[in-house]
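Heavy-atom basis, side chains included; hydrogens, waters and symmetry copies ignored. Below, read A as the first sequence line, B as the second, and so on, with proteins coming before strands; counting in each chain starts at 1.
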Amino acid sequence: MAWNEIYRLVKRIPRGRVTTYGEIARALRVRGGARVVGYAMAGCPNGQGIPWHRVVGAGGRLIIREPYGSLQRRMLGGEGVDIPGTRINYKRYGWSPSRKAPTKKKPRRH
DNA sequence: CATCTGACGACCG
DNA sequence: GCGGTCGCCAGAT
């Protein structure tokens with residue numbers, strides 16, 4: 001499991017929606033689960049258009065600490081995501097990958 | 001090699 | 001709903 005796959009999936013998150021570390025871990029079958037996904041996000045390169053702020057904890061909880069925590073809030077708010085407290089309405093803004101990471105392989109045409 | 005830590009998550013009291 | 005514990009794995013020391 002390369003972190004590249006994780007970043008690629010994160011890039012597919014629609015604007016104004018969010019997903020969780022766990023969802024990503026399950027969709028990509030990441031060994032180590034959500035923890036490693038979070039680890040990957042923590043080291044995600046900047047300036048590559050990776051919407052890391054759209055990745056939240058299970059149930060839509062905001063878990064990133066300062067200084068990125070407030071930044072994430074601001075970014076999501078700018079996309080129209082309402083954040084009452086320390087939590088996002090995941091039922092409303094949640095987005096499920098529901099598909100594995102786009103493989104570079106040629107699509108098998110049967 | 002031993003330990004600790006962390007942008008997680010499920011459980012439990 | 002909140003805080004503590006444990007399992008998980010990759011890096012750092």
Side-chain angles (χ1 to χ4, degrees):
Chain A
M1 167 53 46
W3 289 9
N4 204 334
E5 306 290 310
I6 297 176
Y7 299 144
R8 204 176 315 261
L9 182 55
V10 171
K11 281 187 180 176
R12 301 172 40 144
I13 303 174
R15 199 174 188 287
R17 306 301 272 298
V18 299
T19 191
T20 69
Y21 299 92
E23 289 278 317
I24 294 173
R26 273 181 304 218
L28 301 181
R29 313 281 177 183
V30 180
R31 284 211 328 140
R35 193 91 197 218
V36 171
V37 174
Y39 197 71
M41 294 308 296
C44 88
N46 290 329
Q48 290 192 29
I50 301 174
W52 58 268
H53 56 280
R54 296 186 191 138
V55 184
V56 300
R61 290 179 341 200
L62 296 176
I63 53 184
I64 303 177
R65 306 190 231 231
E66 299 306 309
Y68 295 102
S70 48
L71 178 59
Q72 179 182 35
R73 260 185 103 111
R74 223 175 58 203
M75 302 273 261
L76 289 176
E79 296 185 354
V81 178
D82 185 38
I83 309 173
T86 62
R87 194 164 179 180
I88 293 174
N89 186 337
Y90 198 66
K91 295 300 247 181
R92 183 168 154 188
Y93 300 105
W95 174 83
S96 298
S98 72
R99 191 142 59 223
K100 297 196 329 187
T103 43
K104 290 294 202 45
K105 307 176 181 188
K106 52 184 173 199
R108 98 174 46 173
R109 64 196 122 71
H110 194 312

Between atom CZ in A:Arg26 and atom C1' in B:dC8, what is the gap in whole Å? 11 Å

Is atom OH of A:Tyr90 surrounded by more than 12 heavy atoms (other residues, nucleotides or ligands) closer than 6.0 Å? yes

Taken in chain and number order and not counting sequence neighbours, the residues that satisfy side chain to side chain contact (heavy atoms under 4.5 Å, CB included) with A:Glu66 are A:Ser70

Who passes side chain to side chain contact (heavy atoms under 4.5 Å, CB included) against A:Tyr39, sequence neighbours left out? A:Trp3

Taking side chain to side chain contact (heavy atoms under 4.5 Å, CB included) as the definition, give me every residue that meets it alongside A:Asn46, ordered by chain and number, with sequence neighbours left out. none

Select base, sugar-phosphate, or nothing to describe what A:Ala34 touches, counting heavy atoms under 4.0 Å on all strands. sugar-phosphate

Distance in angstrom units between A:Met41 CE and B:dA7 P, rounded: 12 Å

Yes or no on side chain to side chain contact (heavy atoms under 4.5 Å, CB included) for A:Asn89 and A:Asp82, after CA distance, side-chain angles and deciding distance? CA-CA 8 Å; A:Asn89 186 337; A:Asp82 185 38; over 6 Å; no

With the sugar-phosphate defined as primed atoms, P, OP1 and OP2, and the base as all remaining atoms, what B/S/- string results for nucleotides 1-13 of chain C, 5' to 3', for protein heavy atoms under 4.0 Å? S-----BBSSS--

Output the residues of residues 62-78 of chain A in contact with DNA chain B, where contact means a heavy atom of the residue under 4.0 Å from an atom of the strand; sort by number or write none. A:Ile63, A:Ile64, A:Arg65

Whether the side chain of A:Arg12 engages the backbone of A:Pro97 through a donor-acceptor N/O pair (distance < 3.5 Å, no angle test) should be reported. no

Please, which pairs that meet salt bridge (Lys or Arg N to Asp or Glu O under 4.0 Å) have at least one residue in residues 56-65 of chain A, sequence neighbours excluded? none

Side chain to side chain contact (heavy atoms under 4.5 Å, CB included) partners for A:Arg15, two or more places apart: A:Arg54, A:Glu79

Whole-Å distance, A:Arg61 CZ to B:dG9 P, equals 7 Å

Once salt bridge (Lys or Arg N to Asp or Glu O under 4.0 Å) is applied, what residue pairs with a partner in residues 33-51 of chain A remain, sequence neighbours excluded? none

Restricting to nitrogen or oxygen on both sides, can you table the protein-nucleotides 11-13 of chain B pairs closer than 3.5 Å?
none

With A:Arg92 via side-chain hydrogen bond (donor to acceptor under 3.5 Å, both in side chains) - residues at least two apart: none

